[in-house]
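Below you'll find the structure, written out as structure tokens, and then a few comments.
Nothing fancy with the numbering, it's 1 onward along the sequence.
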Amino acid sequence: MELLDIVDESGEPTGAVAERGEVHARGLLHRTSHVWLLRRRNGRAEVLLQHRCATKESCPSCYDISSAGHIPAGCGFVESALRELREELGILTTADELIYCGRRRFRYDRVERGGEYIDNQISNIYALWCDVEASDLHVQSSELDGVMWIPFDDCVEAVANNSIRHCIVPEELEILRRGAGL
């Protein structure tokens, strides 16, 4: 059972905790950490996209943020970001290497896997410069079908034009662009 802190509009835990399924069924405000891996190739910034596996509860078989996850009850944004990087991609890094790019508050309601899914979250967005080949990452197969590097500007265009199946919000790419100096 995955327990999440219920938070106020500033992202601070209220003291209430709920199971992840209940959080999404009731649309309770919770926190996530998003980390975008970046590297330079041929003078261009590239971003790593994960390809979510087909069995994911939300956005199955979509391209998504390099590494992201819900923040378990009692944990913080950075602690969770570091854990997700380690679990999903096998990347060990430190808090000092993460570049805070900004925060995003959003809510969406949709039907996923036959039921209503309300995602009501506050997300801290981080960048991590990481010069690694996709084939050298230890991809968590229970979560991801794989990863791919794509030039950042091509990613922005693909998301805007929906030329790839994705669950990436253009606003977040702009927060990343500003925060990481792309």
Side-chain angles (χ1 to χ4, degrees), residues 1-37 48-128 130 137-145 147 166-169 171-173 175-176 179-180:
M1 178 184 317
E2 186 176 2
L3 296 176
L4 307 178
D5 287 318
I6 307 308
V7 299
D8 62 22
E9 289 295 328
S10 66
E12 293 299 317
T14 62
V17 173
E19 194 274 324
R20 180 176 169 165
E22 179 185 0
V23 165
H24 289 293
R26 295 180 47 207
L28 301 173
L29 186 58
H30 60 287
R31 299 175 298 166
T32 61
S33 285
H34 298 179
V35 183
W36 294 88
L37 270 61
L48 186 84
L49 300 182
Q50 65 166 255
H51 190 256
R52 297 167 64 86
C53 68
T55 58
K56 289 294 288 181
E57 165 186 47
S58 66
C59 305
S61 300
C62 288
Y63 283 101
D64 200 2
I65 300 159
S66 307
S67 176
H70 289 82
I71 298 176
C75 293
F77 285 105
V78 171
E79 176 186 2
S80 182
L82 296 173
R83 178 184 47 79
E84 291 291 339
L85 282 167
R86 185 179 64 251
E87 290 177 359
E88 292 182 351
L89 301 172
I91 293 177
L92 300 175
T93 192
T94 64
D96 295 344
E97 296 293 318
L98 295 178
I99 300 165
Y100 175 75
C101 296
R103 179 172 280 186
R104 191 166 76 83
R105 165 76 164 86
F106 68 95
R107 177 190 169 111
Y108 66 80
D109 302 24
R110 65 178 177 225
V111 174
E112 293 275 358
R113 303 234 180 249
E116 186 174 13
Y117 186 91
I118 306 168
D119 205 358
N120 187 17
Q121 62 179 258
I122 293 176
S123 303
N124 273 7
I125 301 160
Y126 302 95
L128 175 65
C130 187
L137 295 170
H138 300 284
V139 175
Q140 184 181 21
S141 60
S142 63
E143 297 278 328
L144 312 176
D145 283 339
V147 295
H166 70 88
C167 53
I168 299 168
V169 177
E171 174 191 0
E172 186 152 336
L173 292 172
I175 292 169
L176 177 62

Using side chain to side chain donor-acceptor pair (under 3.5 Å) as the criterion, list what pairs up with Ser10, not counting sequence neighbours.
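Only Asp8 meet the side chain to side chain donor-acceptor pair (under 3.5 Å) criterion with Ser10.
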I'd like to check [X] versus [Y] (side-chain heavy atoms, cut-off strictly below 4.5 Å). Are they in contact?
X      : Y      : answer
Ile91  : Leu37  : yes
Trp36  : Leu49  : yes
Leu29  : Arg105 : yes
Ser141 : Cys53  : no

Just jot down the side chain to side chain contact (heavy atoms under 4.5 Å, CB included) partners of [X], sequence neighbours excluded, or say none.
X      : result
Phe106 : Arg104, Tyr108, Asp119, Gln121, Ser123
Thr94  : Asp96, Glu97
Ala95  : Val78, Leu82
Asn124 : Phe77, Tyr100, Arg103, Tyr126

Write out all pairs satisfying salt bridge (charged side-chain N to carboxylate O under 4.0 Å, His left out) with one or both partners inside residues 61-84, taking only residues at least two apart or from two chains.
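The answer is Arg52-Asp64, Arg83-Glu87.
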Name all pairs fulfilling the salt bridge (charged side-chain N to carboxylate O under 4.0 Å, His left out) condition that reach into residues 26-37, sequence neighbours left out, sorted by first residue then second.
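As it turns out, the salt bridge (charged side-chain N to carboxylate O under 4.0 Å, His left out) pairs with a partner in residues 26-37, which skip direct neighbours, are Asp5-Arg31, Glu22-Arg26.
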To the nearest 0.5 Å, what is the distance between [atom1] ([X]) and [atom2] ([Y])?
X      : Y      : atom1 : atom2 : value
His51  : Cys62  : NE2   : SG    : 7.0 Å
Ile122 : Ser33  : CD1   : OG    : 12.0 Å
Leu176 : Cys101 : CG    : SG    : 5.0 Å
Leu137 : Ser66  : CG    : OG    : 9.5 Å
Leu89  : Gln50  : CG    : CD    : 7.0 Å

Under the rule for ring pair (Phe, Tyr, Trp, His ring centres under 6.0 Å), what residues qualify as partners of His30, not counting sequence neighbours?
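Per chain and number, His30 pairs via ring pair (Phe, Tyr, Trp, His ring centres under 6.0 Å) with His24, His70.
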Go through the structure and list residues passing ring pair (Phe, Tyr, Trp, His ring centres under 6.0 Å) with His166, not counting sequence neighbours.
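Counting only residues at least two positions away or on another chain, His166 forms no ring pair (Phe, Tyr, Trp, His ring centres under 6.0 Å).
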Using the salt bridge (charged side-chain N to carboxylate O under 4.0 Å, His left out) criterion, which residues pair with Glu2? Sequence neighbours excluded.
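Only Arg20 meet the salt bridge (charged side-chain N to carboxylate O under 4.0 Å, His left out) criterion with Glu2.
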Under the 3.5 angstrom rule, does the side chain of Glu88 hit a backbone N or O of Gln140 as a donor-acceptor pair?
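Answer holds: no.
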For the side chain of Glu19 and the backbone of Leu3, is there at least one donor-acceptor N/O pair under 3.5 Å apart?
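No, the answer is negative, given that no donor and acceptor are paired below the 3.5 Å cut-off.
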Check the pair Glu12 / Val7 against side-chain contact (heavy atoms from CB on, under 4.5 Å), numbers first and verdict last.
CA-CA 5 Å; Glu12 293 299 317; Val7 299; 5.9 Å; no
